[in-house]
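Only one structure is covered here, and it is reproduced in the block below.
Source: prediction; values computed, not measured.
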Amino acid sequence: MSDSSAETSDSSNFIRDIIDADLASGKVEKVITRFPPEPNGYLHIGHAKSICLNFGVARDYGGYCNLRFDDTNPEKESVEYVNSIRRDVEWLGFSWHSNPFASDYFGQLYGYALDLIRQGLAYVDSQNADEMRENRGTLTAPGVDSPYRERSPEENLQLFEAMKNDEYPDGAHVLRAKIDMQSPNINMRDPVLYRIRHATHHNTGDTWCIYPLYDFTHGLSDAIEGVTHSLCTLEFEDHRPLYDWILDNLETPSRPVQTEFARLQLEYSLTSKRKLNMLVNEGHVSGWDDPRMLTISGMRRRGYTPESIVAFCDVIGVTKKYSTIEMGVLENVLREDLNKRATRRMAVINPIKVVIENYPEDQEEYFSGANHPQDPSYGTREIPFSREIYIERDDFMEDAPRKFFRLSPGREVRLRFAYYITCKEVIKNDAGEIESLVCSYDPESRGGSSPDGRKVRGTIHWVSARHAVNATVNLYDRLFTTANPGSAADFHQALNPDSNIVMDQAKFEPAIELVDNPLAYQFERLGYFISDYDSTAQQPVFNRTMTLRDSWAKIEQSR
RNA sequence: UGGGCCGUCGCCAAGUGGUAAGGCACCAGGUUUUGAUCCUGGCAUUCGUUGGUUCGAAUCCAGCCGGCCCAGCCA
């Protein structure tokens with residue numbers, strides 16, 4: 001495990017205020033937190049917020065954070081998810097103190113349940129699910145007591161043990177807390193603590209056929225681990241009285257406190273595991289690590305750095321306010337990080353051939369290009385040049401407006417690092433499509449400036465045809481066309497059909513490393529790119545992580 | 001309409017009774033061999049709203065308005 005290299009800012013939030021107060025009052029000596037995912041899916045950007053909060057707070061206050069798997073629902077969980085979660089947390093740069101499963105505590109939890117029964121605070125209910133639902137009441141009407149509510153502790157003990165000993169089928173009985181069927185808080189209307197489930201558990205196998213529920217398990221797991229600050233999302237606010245009830249009625253090694261914060265919501269994206277699962281299973285994306293997915297693994301494949309994700313979590317803050325973050329915020333931290341670290345290269349994604357008529361056929365030469373315009377320590381590389389080159393199709397326009405600074409008939413542009421060229425002729429095929437361009441170059445402009453000092457507005461990128469490496473490039477756009485696909489009745493309607501465009505005619509300069517290269521490139525004027533897992537020397541594949549900011553596109557759009 | 005929670009600039013967010021930080025976005029300039037980066041300046045007389053307390057209120061009190069969550073043997 002690596003230690004986090006990412007910085008969390010000292011910006012305050014209400015949770016840090018609480019911790020400051022707890023430390024100052026002596027209520028807490030060492031801050032202990034936990035990140036408690038259920039291993040029933042892959043981690044996404046929303047989890048990253050919780051990870052950064054829990055691990056960040058623990059680190060900043062000199063405490064520690066556990067990675068605890070909240071695995072009390074065996075039918076939905078698997079080791080595949082366990083492994084992916086561990087990998088993602090590590091990749092984000094955090095180290096856990098310990099990595100327990102809630103299922104490791106099943107034995108202790110069972111003991112706590114017996115304790116509750118002996119105190120007359122829990123009972124075995126033999127109603128079926130429908131009866132229970134009916135008797136629970138509604139938001140406005142109180143519930144009614146179960147006919148089994150007054151069973152004696154002895155009978156309950158005997159029945160609960162029989163449940164554990166595999167004497168009943170699924171659903172025959174449940175163990176319930178005996179609280180208050182009239183409570184205005186529905187979570188307090190005798191919540192279910194244990195259910196019978198004959199399922200193989202990824203960690204405990206077939207040891208158990210009864211499984212505790214979240215509400216019973218979570219606070220006790222926190223208490224067993226000595227967690228001081230149990231941070232969860234807003235929807236658990238109504239569960240806090242139950243969390244407290246359980247801890248108040250049982251002797252536990254410590255007394256954690258639950259505090260809730262708002263979960264992350266991001267425009268144009270989904271962060272519901274259920275819906276992400278549908279995207280994967282219905283084949284709308286290639287998998288959990290599809291680069292369009294805002295899963296940690298998808299973002300990693302897309303080319304996000306862990307530092308950019310941590311920076312994002314830092315910049316959005318932590319509050320109790322429901323909010324939706326604009327995509328621009330994520331894009332901004334990504335660009336900021338990538339701009340600093342990306343090695344510059346030239347690549348042409350949508351090529352059009354240019355023949356430089358006055359450049360000798362058998363000649364070639366090399367230009368030195370800086371690998372980073374602001375950081376000389378990145379060094380330089382040699383870029384081959386020859387008579388035939390590729391330029392971007394978008395960099396040529398036959399009838400160009402005045403503000404178009406790129407190539408068009410009769411106009412002169414600078415080839416980055418190389419020469420000035422002027423467009424002499426447009427070659428078209430029978431269908432009238434532009435096939436190639438004939439240009440002339442000014443030998444005096446070698447290196448990109450001319451002795452006469454004449455100005456050229458545009459500088460475009462290029463790749464020597466003779467030296468080019470053929471490659472495939474994946475361009476990505478947001479997966480959804482509406483800002484809040486999650487609220488739509490059917491999010492399928494909002495799926496963006498053009499979220500992945502494959503460009504298979506791309507041309508790379510030879511200095512680009514094609515295989516097993518985890519480092520970000522900036523292909524000048526096109527954006528940030530990373531080689532895909534599947535990239536090979538024979539079939540190079542790169543993913544565009546993010547475009548550059550494009551003020552020309554903005555001008556063009558407003559026309 | 002029972003209970004819980006939330007409302008500070010287009011989007012986030014600091015602010016904890018002494019006179020509205022910051023980021024993103026946006027706008028206007030400058031530098032630039034990436035229409036990138038970088039730099040400069042602009043961008044809330046007002047904090048959902050109404051009333052009250054106070055010398056003084058985004059901060060305290062009351063009412064109202066708006067939004068979110070809860071009726072799994074999910075987490």
### Query
If each of A/Glu77 and A/Ile316 is mapped to the nucleotide of RNA chain B with the nearest heavy atom, which maps nearer the 5' terminus, i.e. the 5' end?
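The residue whose closest nucleotide sits nearer the 5' end is A/Ile316.
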#### Entry: Residue whose nearest RNA chain B nucleotide is more 5′ - A/Val315 or A/Ser445
A/Val315
Would you mind telling me which of [options] lies closest to the side-chain atoms of [X]?
X        : options             : result
A/Pro373 : B/C26, B/A36, B/C70 : B/A36
A/Ser12  : B/A14, B/U16, B/C24 : B/A14
A/Val174 : B/G35, B/G10, B/C73 : B/C73
A/Ser323 : B/A71, B/U34, B/C12 : B/C12
A/Met132 : B/C73, B/C70, B/A36 : B/C73
A/Leu139 : B/G3, B/A71, B/A36  : B/A71
A/Asp70  : B/G2, B/C27, B/A75  : B/A75
A/Tyr322 : B/G10, B/U16, B/C69 : B/C69
A/Glu235 : B/A25, B/C26, B/C69 : B/C69
A/Arg549 : B/G2, B/A36, B/C11  : B/A36

Under 4.0 Å, heavy atoms only, any strand: does [X] hit a base, just the sugar-phosphate, or nothing?
X        : result
A/Leu213 : sugar-phosphate
A/Gly171 : base
A/Asp125 : nothing
A/Arg136 : sugar-phosphate
A/Asp238 : base
A/Val192 : sugar-phosphate
A/Asn128 : base
A/Gln127 : base
A/Arg406 : base
A/Arg197 : base
A/Leu234 : nothing
A/Phe404 : base
A/Lys403 : base
A/Thr324 : sugar-phosphate

### Task
Please determine if A/Lys76 and A/Glu38 form a salt bridge, counting it only when a charged side-chain N lies under 4.0 Å from a carboxylate O.
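Judged by the 4.0 Å cut-off on N to carboxylate O distance, A/Lys76 and A/Glu38 do not form a salt bridge.
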#### Entry: Polar pair under 3.5 Å, donor/acceptor by atom type, side chain A/His461, base B/A36
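In this structure, the two groups form no donor-acceptor pair.
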### Query
Do the side chain of A/Arg344 and the base of B/U34 come within less than 3.5 angstrom through a donor-acceptor pair of N or O atoms?
yes
### Task
Give a yes or no on whether A/Gln182 atom CD has more than 12 heavy-atom contacts from other residues, nucleotides or ligands under 6.0 Å away.
yes
### Query
For A/Arg457, does the CZ atom sit with more than 12 other heavy atoms under 6.0 Å from it, leaving out its own atoms?
no
### Task
Could you check whether A/Phe405 and the base of B/G35 form a stacked pair, meaning centres closer than 5.5 Å and planes differing by less than 30°?
yes
### Message
I'd like to check, for A/Trp552, whether its ring lies over the base of B/G35 with centroids under 5.5 Å apart and a plane angle smaller than 30°.
### Response
yes
### Query
Can the ring centres of A/Phe236 and A/Tyr243 be said to be less than 6.0 Å apart?
no
### Query
Can you check whether A/Phe385 and A/Tyr366 have ring centres sitting under 6.0 Å from each other?
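No, the ring centres sit 6.0 Å or more apart.
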### Task
Mind telling me if B/G72 is syn or anti? Syn here is a glycosidic angle within 90° of 0.
syn
### Message
For B/U40, give the paired nucleotide (Watson-Crick: N1-N3 plus N6-O4 or O6-N4; G-U: N1-O2 and O6-N3; both under 3.5 Å), or none.
### Response
B/A28
### Message
When both hydrogen-bonding distances must be under 3.5 Å and the geometry is Watson-Crick or G-U wobble, what is B/U16 paired with, if anything?
### Response
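Result: none.
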### Task
Return the value, rounded to whole Å, for the distance between atom CG of A/Asn371 and atom P of B/A36.
21 Å
### Value in whole Å for how far the P atom of B/C5 lies from CD1 of A/Ile186
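Those two atoms, CD1 and P, are 16 Å apart.
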